[in-house]
Structures are given as C-alpha cells and as structure tokens.
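Notes to accompany the following structure.
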Number of protein chains: 2
Amino acid sequence: MKNLPDKTVERLCQYRRSLNNQLATGKTHIFSHEIANLLHITSVQVRRDIMLIGHSGTLRKGYDIKEMVKLIGKIIDTKEGQRIAVIGMGNIGKAFIHYLYEKRSKLKVVASFDVNPDKIDKTYADVYCYHFGRLKEIIQKEDIKIGIITTPPMVAPEVCENLVTAGIKGILNFTPKPLSVPDDVYLEEYDMITSLEKVAFFVKHNE
Amino acid sequence: MKNLPDKTVERLCQYRRSLNNQLATGKTHIFSHEIANLLHITSVQVRRDIMLIGHSGTLRKGYDIKEMVKLIGKIIDTKEGQRIAVIGMGNIGKAFIHYLYEKRSKLKVVASFDVNPDKIDKTYADVYCYHFGRLKEIIQKEDIKIGIITTPPMVAPEVCENLVTAGIKGILNFTPKPLSVPDDVYLEEYDMITSLEKVAFFVKHNE
DNA sequence: TTTTGCTTGTTAATTAATTCACAGCTATAA
DNA sequence: TTATAGCTGTGAATTAATTAACAAGCAAAA
Ligand SMILES: NC(=O)c1ccc[n+]([C@@H]2O[C@H](COP(=O)([O-])OP(=O)(O)OC[C@H]3O[C@@H](n4cnc5c(N)ncnc54)[C@H](O)[C@@H]3O)[C@@H](O)[C@H]2O)c1
Ligand SMILES: NC(=O)c1ccc[n+]([C@@H]2O[C@H](COP(=O)([O-])OP(=O)(O)OC[C@H]3O[C@@H](n4cnc5c(N)ncnc54)[C@H](O)[C@@H]3O)[C@@H](O)[C@H]2O)c1
C-alpha cells in the first residue's frame, strides 16, 4: 500500500469526503459512476483507484460506503491520529486551526507558533500559541510530525529549516516561497495565487 | 498560445514569481538550471516550457529575466487586468482580498458578497461588500469574470449556480464541496484539506 | 428458467508529461 | 587561433496517468 500514486492518494481523500456526505443522506451503497459524477472524473478512474487499494464492490450493488470510508481511513490516517503544528497565526493559520477544530478529524493541531507578542500565549480553538523560539522544544515534546507554514513568505525558508531540524517529517507550505527539504521530509507546496492565475489564464483564452 | 498544457501554465505562474524575486536582487539574466533549482524541477522541464511559449534565451548568458516576466505576463494577464469577486467574507475571503491588495497584480478584486449583516456594506482593503442578493446585478455592472467561493460548503453549489447565471467565466472554489459548471466555465477546485491529508499519508508511509 | 441489462474488475491501448541525449552555438581560456 | 566547457533547443525515448474495451457475474424481468 506504500506505493500508491500521488494522484490516487489525492483522489482517495476526496472520495472519503464525498462518501461521508453520502452516508449522511442515509445511503449505504454507491456505484463507481456515482462517485465519478460527484468528483467530475470517470468511473473507470474510480474503479481503478479502488482496485489499487485492494477493495472490492458487490456486483450490481456497488461499494459499501461505510467500509470504503473505513478502508481509506486505514490507508491515510494513523491509529493515534497525527499531530500538527501551525507556524504563523495570521489569517490563514487561524482559519486552518478553526477548520480542523470543527472537523474533529484524525489530524490534530496541537501547537502553534508566532513571533508577534499579541498572538503569543493565547489560545485559538484550543490550540496554544508559543513563541517561535520554542519551536524545537515543543515539537519534540509534543511529538509533532507535520508542520503547516503560514508565515510571511520572507521567513518561510528559516521556518522550514527549523522545522526540519526539530524532526518534522511533512510540511505543507502556504507561502509562495518555494522551499527545500531533505529527502526524508515530504513537502507539499500549496500556492493559492497560482491557482487563481491559472483560472485567469483559462478565462482569458476561452473568450 | 491557446493550447498550453495545464501544467505548463501552472509552472509559468511560478516562474514569473521566482523571476520577480530574482529581479529584486539585481540579477538580469538567469539559466534554466537556476530556475529549475528554485522550483525543484529539472532544467529540461524549464527549457521545454520556455520553448512552448516561443521564447529564446541567449547562449551562455541564459534568459533575460525582465523579458521573460513580460512575456509570461502577456500570456497570462489581460491588458486591462481581470476583475474578480469574492463570495463569502470569512477568514479566507478576507485573507485573499488583503493579499491581492498588497500585491497590486493584474488580478483585482472589485466586489465581495456575504449574507451576514455584520459584513455587508463595509469595505475591506478597498473592496466593498454587497449583499449576496445583488450578485448578478453587481457582477454584470462591474464586468466581473472570475469568482472566488469562500462560503461555507453547504451553500457553495447555490453560489456557484448564481455565479454562472450572472455570466462568470472562471471559478476558484475553496470549499470542499465539488461543484458543477457548464463547459464554457473554467473551474478550479482548491482543497486545502486534501493537501494536508496527502502530507499525512506520505509521512505515515515513510516511517 | 432464460434472457436482458447493468456493474465490477482488469488487461490492453492511448494519451499526457517528463526525461534523455545530443547537436549546435558562443564566451572564455590556452 | 584553437580548444574547452557550458548552455540552449529539441527530436526521440521513457515513464506516468488515463481511457477503452470487454469478460465475468448477478439481479430482475420475461
Ligand atoms: N478555514 C480553513 O482553513 C479551511 C480549510 C479548508 C477548507 N475551508 C473551506 O473554505 C471555506 C471558507 O472558510 P472560512 O474559514 O473563510 O469560513 P468562514 O465561516 O470564516 O466564512 C464564510 C463566510 O461566508 C458567508 N456566507 C454564508 N453563506 C453565504 C452565502 N450564501 N453567500 C455569501 N456568503 C455567505 C458567511 O457569512 C461567512 O462570512 C469553507 O467552505 C471551508 O470549509 C476552510
Ligand atoms: N492571504 C492570502 O490570501 C494568501 C494568498 C496566497 C498566499 N498567501 C501566503 O500565506 C501566508 C500567510 O498569509 P496570511 O494572510 O495568513 O498572513 P498574515 O500576515 O496574516 O500572517 C502571518 C503571521 O506570521 C507571523 N510571523 C511572522 N514571522 C514569523 C516567524 N518567524 N515565525 C512565526 N510566525 C511569524 C506573523 O506575526 C503573522 O501572525 C503568507 O506567506 C502569504 O503570502 C496568502
């Protein structure tokens, strides 16, 4: 299960969310083409992904939604849940903490960091904000493995380096500054402005 | 130039940002492998993308940074700049407006919408917030072609439909709810939680 | 029971994206 | 002037991702 393609992992996360929505409506089974319609992809793609994770549906009944959610959880979540830190308690940092707090997923933000005295030593959605200087200490004490960078772009490289030194194994970078990490750290760059520019490009060229 | 691959467009946006950073340091020319290092891709990829947009570098001197920025601008931006609306003035909506305001890019948010009386008729970073009921009227009056949805997920489909009816041609969706649009509307789904779950997956499987 | 129609699971084919490999040019050093 | 090394630009090859095509199975209708 280690070598699922990146793209498949991404879709599995989306399947799970959609499946949870479906569960809430009382459905118990779902066909591949229904999942496909929800996500605007093809049903073959869905079946292939499901094949890759070694799941089977029932012929003419489709897939058991609860089972699939459980299985995807087994693939993506860890048993104990993963512990996360947010660095930079600005707009996006706060938005994220509140969002995850409400969702009560397996992903738990357990610490946040900032340099602004107005933010430090306060609590946001049950998450305590420490001074950035205590990053390493807290990350190791709290056994945090994932960091979300939502600082101003300029300091992102420094923050990143500190995270790596502290033993973080996965980083989600919201700043537009591309970062560098060693091979054993997974880095995902998430650039909102590029997304918007992409939309702008396609709007321009469809005129 | 219409048929650039999606991925290339995405990278062009990133090249431009990195190139602008380089300009700020006083550099005038840059090699393909330097750009590649900045973005953690290969130099062939960079050269191929540049080839696709019909640009040429100078041998042993690299690419003229200013020229490339200008050319990418020509491809991605429109002359007059594109006019954007944000729907849902919560955390993310506000963050976005402030960000674009500071950047002074060609992408201009010219209106925002909400249903909460506390938000309506106020101005955020020079952007006026209208009641959602006036969506169509304002979008047409202001000639807005791009919409950013940052409402709660539940209302996203309704918001989307309204945007399409009002004549929007590109939508950037920040809610985790997958949307449907006609063929002539470009839709980009931007799902932060999926990104985080992906990081979590790879951290789990690298242990 | 037999047929029909629908849906899964999978191999094969196709298409898209990336990388290899190298020819060609040019500034610099010998 | 004549190597030499460094970089660009690109066709060909490779790899990754998606789609087509269809066998196999089952439920419901006839
Ligand atoms: N906050 C995060 O980190 C995060 C992460 C992932 C996804 N999201 C998603 O992004 C979206 C926005 O997040 P947020 O934190 O900014 O939410 P938020 O609750 O702060 O803001 C939502 C805003 O939308 C407004 N609104 C509600 N109904 C509306 C309607 N019909 N028309 C116009 N406006 C309406 C609300 O009044 C509010 O101001 C949500 O869908 C959320 O699920 C957020
Ligand atoms: N707001 C957007 O819509 C948007 C869009 C695209 C990208 N981004 C990027 O996302 C990032 C966050 O955006 P935002 O709007 O939340 O910014 P923000 O300015 O609201 O928040 C940044 C926070 O980081 C803190 N900080 C500064 N230096 C720090 C350090 N060394 N260690 C820890 N914390 C530090 C600041 O005190 C502040 O609280 C920025 O890099 C921004 O460029 C934002």
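Each chain gets a letter, A, B and so on, in the order its sequence line appears, and its residues count up from 1.
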Comparing A:Ser32 and B:Asp6 on DNA chain C - which has the more 5′ nearest nucleotide:
A:Ser32
Base, sugar-phosphate or nothing for A:Ser56? Non-hydrogen atoms, less than 4.0 Å.
sugar-phosphate
First contact, last contact: which nucleotides of DNA chain C are these for chain B, 5' to 3', heavy-atom distance under 4.0 Å?
C:dA17 to C:dA27
Residues of residues 58-66 of chain B with a heavy atom under 4.0 Å from any atom of DNA chain C, listed by number, are B:Leu59, B:Arg60
By nearest-heavy-atom nucleotide on DNA chain D, the more 5' of A:Ile41 and B:Val44 is B:Val44
Using atom types as modelled and distance alone, determine if a side-chain donor or acceptor of A:Glu188 lies under 3.5 Å from a backbone N or O of B:Ser195.
no
Under 3.5 Å, side chain of A:Lys136 to main-chain N/O of A:Asn162, donor-acceptor pair present?
no
Taking B:Glu197 as the fixed residue, which of A:Lys106, A:Gln82, A:Gln14, A:Arg16 is the one that meets the side chain to side chain donor-acceptor pair (under 3.5 Å) rule?
A:Arg16
Between CD of B:Gln45 and P of D:dG9 the distance, given in whole Å, is 15 Å
How close or far is atom P of D:dG6 from atom CD1 of B:Ile30, stated in whole angstroms?
19 Å
Rounded to the nearest Å, what distance is computed from the CG atom of residue B:Leu52 to the P atom of nucleotide D:dT8?
16 Å
Check the pair B:Val185 / B:Leu163 against side-chain contact (heavy atoms from CB on, under 4.5 Å), numbers first and verdict last.
CA-CA 10 Å; B:Val185 176; B:Leu163 284 172; over 6 Å; no
Pick the nucleotide of DNA chain D nearest each of A:Pro5 and A:Arg47; which residue has the one closer to the 5' end?
A:Pro5
Residues forming a salt bridge (charged side-chain N to carboxylate O under 4.0 Å, His left out) with B:Lys145, sequence neighbours excluded:
B:Asp143
A:Phe31 CZ to D:dC26 C1', in whole Å, measures 12 Å
Expressed as a whole number of angstroms, how long is the span from B:His55:NE2 to D:dT8:C1'?
12 Å
What is the separation between atom CE on B:Met68 and atom C1' on D:dG9, rounded to the nearest whole Å?
14 Å
More than 12 heavy atoms of other residues, nucleotides or ligands under 6.0 Å from CD of A:Glu142: is that the case?
yes
Given B:Ile149, which partner from the list B:Leu179, B:Leu172, B:Val155 fulfils the side chain to side chain contact (heavy atoms under 4.5 Å, CB included) test?
B:Leu179
Could you tell me how far apart B:Asp49 (CG) and D:dG9 (C1') are, to the nearest whole angstrom?
13 Å
Which word best sums up how the rings of A:Phe31 and A:His33 line up, parallel for under 30°, tilted for 30 to 60°, or perpendicular for over 60°?
parallel
Rounded to the Å, how far apart are A:His29 NE2 and D:dA27 P?
12 Å
Show the numbers, then the answer: is there a side-chain contact (heavy atoms from CB on, under 4.5 Å) between B:Leu100 and A:Leu196?
CA-CA 11 Å; B:Leu100 285 178; A:Leu196 183 59; 3.7 Å; yes
